[in-house]
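All remarks here apply to the structure that follows.
Note that the numbering runs from 1 along the sequence shown for the chain.
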Amino acid sequence: MNAITGVILAGGKSSRMGFDKGLALLNGKPMIQQMITVIEKLGLELIIISNNPAYKAFGYPVYADIIPEKGPAGGILTALEYSSTDLNLILSCDAPNVNMDVLSALLSQRGNSDITIAEHEGIEYPLIGIYSKRVKNGFRKNVEQNKLKLRSICSELEAKIVPFPLGRHGVDEDTFKNINTQEQLNSIAQ
């Protein structure tokens, strides 16, 4: 699977957490470490998209947004710009329970789609997805026009949606949880 780059977006402002949530400790380790471990187990090249140089401590390339202050859409554009592969597994640092089974299933069900994203219980997760470099210009156009809603961009670029029901691929009620507050972090800690 080395023709795919694993990308962790860790560039959010973390305003609800109060500090950089990718560095928040979950079970004694920075939350981003959960995502790094899964990507390493998949055997993928890894890059981190963040404006915080503290992420360099994890030993992987860290790239700042090429167009600042554009949220996850800008992060994906940056990833597509710096990645050395056509396919890119994009993950947010604040979804630490996404497991290898989910990501392996997403990769195997991609087909020839330029974008493939996970869906669970009717909610699409564009930050658990596979993006081809072929969509870079579409992302650039949207980001430059300040159209930053990922679901809208993914719909416009005809993303393939892969459903992940409870009980399949190791999916439980916490698998797709986004951690944005200290309370949410405490609720999933072991």
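Counting heavy atoms from C-beta outward, Lys70 and Asp65 have side chains that stay 4.5 Å or more apart. Inter-residue side-chain proximity for Glu158 and Asp114 is flagged as unmet; no heavy-atom pair is nearer than 4.5 Å. Thr37 has its side chain out of reach of Lys29: every pair of non-hydrogen atoms, C-beta onward, lies at least 4.5 Å apart. The shortest distance between side-chain heavy atoms of Leu148 and Asn146 falls below 4.5 Å. Residues Leu150 and Ile117 fail the side-chain proximity criterion, which asks for heavy atoms closer than 4.5 Å. At least one side-chain heavy atom of Phe58 sits under 4.5 Å from a side-chain heavy atom of Pro30. Gln34 places none of its side-chain heavy atoms less than 4.5 Å from the side chain of Val98. Contact annotation: the side chain of Phe176 never approaches that of Ile123 to less than 4.5 Å [non-hydrogen atoms, C-beta and beyond].
Closest of all the heavy-atom pairs between Ile66 and Pro68 is O-CD, 3.9 Å. Considering every non-hydrogen atom in both Ala3 and Thr85, the closest pair reads O-CB, 3.4 Å. Of all the heavy atoms in Met31 and Cys93, the pair that sits closest is CG-O, 3.5 Å. In plain terms, the two heavy atoms of Ala79 and Ile90 that are nearest each other are CB-CD1, 3.8 Å. Taking every heavy atom of both residues into account, Pro96 and Met35 meet most closely at CA-SD, 3.6 Å. Smallest separation of non-hydrogen atoms from Glu124 and Arg151: O-NH2, 2.7 Å.
Between Phe139 and Tyr131, the ring-plane angle classifies as perpendicular under the 30° and 60° cut-offs.
Note: Leu80 CG to Arg140 CZ = 10.0 Å, rounded to the nearest 0.5 Å. In this structure, CD1 in Ile8 is found 4.5 Å from CD1 in Ile32, a value given to the nearest 0.5 Å. Taken to the nearest 0.5 Å, the CG atom of Leu25 stands 11.0 Å off from the CD atom of Gln33. Interatomic distance, Glu173 CD to Glu121 CD, rounded to the nearest 0.5 Å: 9.5 Å. With rounding to the nearest 0.5 angstrom, the CG atom of Leu91 is 11.5 Å from the CD1 atom of Ile48. For the atom pair CD1 of Ile39 and OG1 of Thr5, the computed distance is 9.5 Å after rounding to the nearest 0.5 Å.
For the side-chain contact (heavy atoms from CB on, under 4.5 Å) with Asn88, the qualifying choice from Ile47, Ile4, Val7 is Val7, the only one to do so. Here the options are Pro126, Cys154, Ser132, Ser155, the test is side-chain contact (heavy atoms from CB on, under 4.5 Å), and the partner is Ile115; only Cys154 passes.
If you check the side chains of Asp94 and Ser92, you find a donor sitting under 3.5 Å from an acceptor.
Side-chain atoms of Asn142 do not come within 3.5 Å of backbone N or O of Ile153 as any donor-acceptor pair.
Under the salt bridge (charged side-chain N to carboxylate O under 4.0 Å, His left out) criterion, Glu156 pairs with Lys141, not counting sequence neighbours. By the side-chain contact (heavy atoms from CB on, under 4.5 Å) test, Lys149 pairs with Ser152, sequence neighbours left out. By the side-chain contact (heavy atoms from CB on, under 4.5 Å) test, Thr175 is found to be paired with Asn99, Val102, Val171, Asp172, residues two or more places apart in sequence or in another chain being considered.
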Practice task
Begin with the C-alpha distance, continue with both residues' side-chain angles, and end with the deciding distance and a verdict on side chain to side chain contact (heavy atoms under 4.5 Å, CB included) for Lys160 and Arg110.
Solution key: CA-CA 8 Å; Lys160 176 180 180 177; Arg110 184 187 79 78; 6.0 Å; no
Handout entry: Test side chain to side chain donor-acceptor pair (under 3.5 Å) applied to Ser84 and Glu45, step by step
Key = CA-CA 9 Å; Ser84 64; Glu45 181 179 329; 2.9 Å; yes
Exercise for the section: Apply side chain to side chain donor-acceptor pair (under 3.5 Å) to the pair Asp20 and Asn52, showing each step before the final yes or no. Expected result: CA-CA 9 Å; Asp20 195 322; Asn52 183 346; 2.9 Å; yes
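A ring-centre distance under 6.0 Å is not found for Tyr125 and Phe164.
Between Arg168 and Asp101, none of the side-chain N atoms (NZ, or NE/NH1/NH2) sits under 4.0 Å from a carboxylate O, so this pair counts as no salt bridge.
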